[in-house]
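Have a look at the structure below before the remarks.
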Amino acid sequence: MPELPEVETVCRGLARVMDGKRLVRLDLHRPDLRFPFPKGLRERVEGRRIGIVERRAKYILIRLEDGGTMIGHLGMSGRMMIGRDTNEPLGAHDHVVFAVEDGVTVRFNDPRRFGFLDFAEAGALGAHPMLVTLGPEPLSDAFTGAVLARRLAGRKSSIKSALLDQKIVAGIGNIYASEALYWAGISPQRSADDVSGTHAEGLALAIKQVLTRAIAAGGSSLRDFVQTSGELGYFQHEWAVYGREGEPCPGCDCGKTIEKFVQNARATFHCPRRQT
DNA sequence: CGGCAAACCTGCGAGC
DNA sequence: TGCTCGCAGGTTTGCC
């Protein structure tokens, strides 16, 4: 499920019910997800008031008023589901339950347990090992073609592989890497180093546009629910290439069909004529 | 630094 | 119907 647009969708859903609310209870129903939960997490956060919920890259930041921050990541299969019933029975893979005032609960469900929940004290968030290396937010004004070109310069890997590197630009995953390269007309196999000038401008723009459109659609749903309400995202219907092997190239009348191949052990989809 | 495989897990669809 | 296999939105680690 979760690349930048899906995490943004989840954060917006969480913000609606968590911003400014007191965290009444934190229930940890196992000792770990991908990593052990921080020692004393429950005692540290219970009773504290939440400031805001926001996103950085694919990370969910639940910021407490006292400056501490819970850092959530959904991995491959994580969901955050909002409920209104504090006594709702625990479902399979409901590993963490946040209870806020007004009887609202948020269940962190993650079958594969690649997600995690960590904590950073006030002032330590920026230095968190998983945040400190992150590249720029692609939807920020600071992310431009020139910035992208500078970060790609000297990289000998393929451009697709570089887009998946969170140190170069944050939040892009396997679906939106293929989609952005398609709209920019750049072959996923091009050397990253080779993407500069107007090509980098076009790619930065394509990234912004595809992510913005995906957020507007509530993200993409492959097989899991995305939104905190349980509603599916709808952007999968707007994918140009991802999962569309054998279908006609949708963006022009080039007459080619979308091809799939394995690149760095991940599926890549592209149009062999439109993308060069 | 780069590339690649493996690791962490469960679920699901395809194919037999 | 039921089994096995391959694959899945992410990220880190370790090896060459």
Expressed in angstrom and rounded to an integer, what is the separation of [X] atom [atom1] from [N] atom [atom2]?
X      : N      : atom1 : atom2 : result
A:Q263 : C:dA8  : CD    : P     : 13 Å
A:M130 : C:dT13 : CE    : P     : 7 Å
A:D32  : B:dC9  : CG    : P     : 8 Å
A:L163 : C:dT11 : CG    : P     : 14 Å
A:K167 : C:dT11 : NZ    : P     : 11 Å
A:D110 : B:dC8  : CG    : P     : 16 Å
A:D165 : C:dT13 : CG    : C1'   : 15 Å
A:I168 : B:dG2  : CD1   : P     : 8 Å

Counting just side-chain N and O atoms, does [X] come under 4.0 Å of either OP1 or OP2 of [N]?
X      : N      : value
A:R113 : B:dT10 : yes
A:Q166 : C:dT11 : yes
A:K58  : C:dT11 : yes
A:R266 : C:dC7  : no
A:S157 : B:dG3  : yes

Over all strands shown, is A:A267 touching base, sugar-phosphate only, or nothing at heavy-atom distances under 4.0 angstrom?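 Sugar-phosphate contact only.
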
Nearest-nucleotide pick for [X], side chain only, options being [options]:
X      : options               : result
A:F114 : C:dT11, B:dC8, B:dT10 : B:dC8
A:N264 : C:dA8, B:dC8, B:dC4   : B:dC4
A:H93  : C:dG10, B:dT10, C:dA8 : B:dT10
A:Y242 : B:dT10, C:dA8, C:dG10 : C:dA8

Does some side-chain heavy atom of [Y] sit less than 4.5 Å from a side-chain heavy atom of [X]?
X      : Y      : value
A:V96  : A:D110 : no
A:L211 : A:P138 : yes
A:H73  : A:K58  : yes
A:K256 : A:R274 : no
A:L64  : A:V45  : yes

Determine which nucleotide pairs with B:dC9, using a 3.5 Å limit on both distances of a Watson-Crick or G-U wobble pair.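 Across any shown strand, B:dC9 pairs with none.
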
Distance check, P atoms only: B:dC9 and C:dG2, in whole angstrom units.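 Nearest-Å result for B:dC9 against C:dG2 at atom P: 29 Å.
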
Which residue, A:R155 or A:A265, contacts DNA chain B at a nucleotide closer to its 5' end, judged by nearest heavy atom?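 The residue whose closest nucleotide sits nearer the 5' end is A:R155.
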
Is any NZ, NE, NH1 or NH2 atom of the basic residue among A:E101 and A:R49 found under 4.0 Å from an Asp or Glu carboxylate oxygen of the other?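 Salt bridge present between A:E101 and A:R49.
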
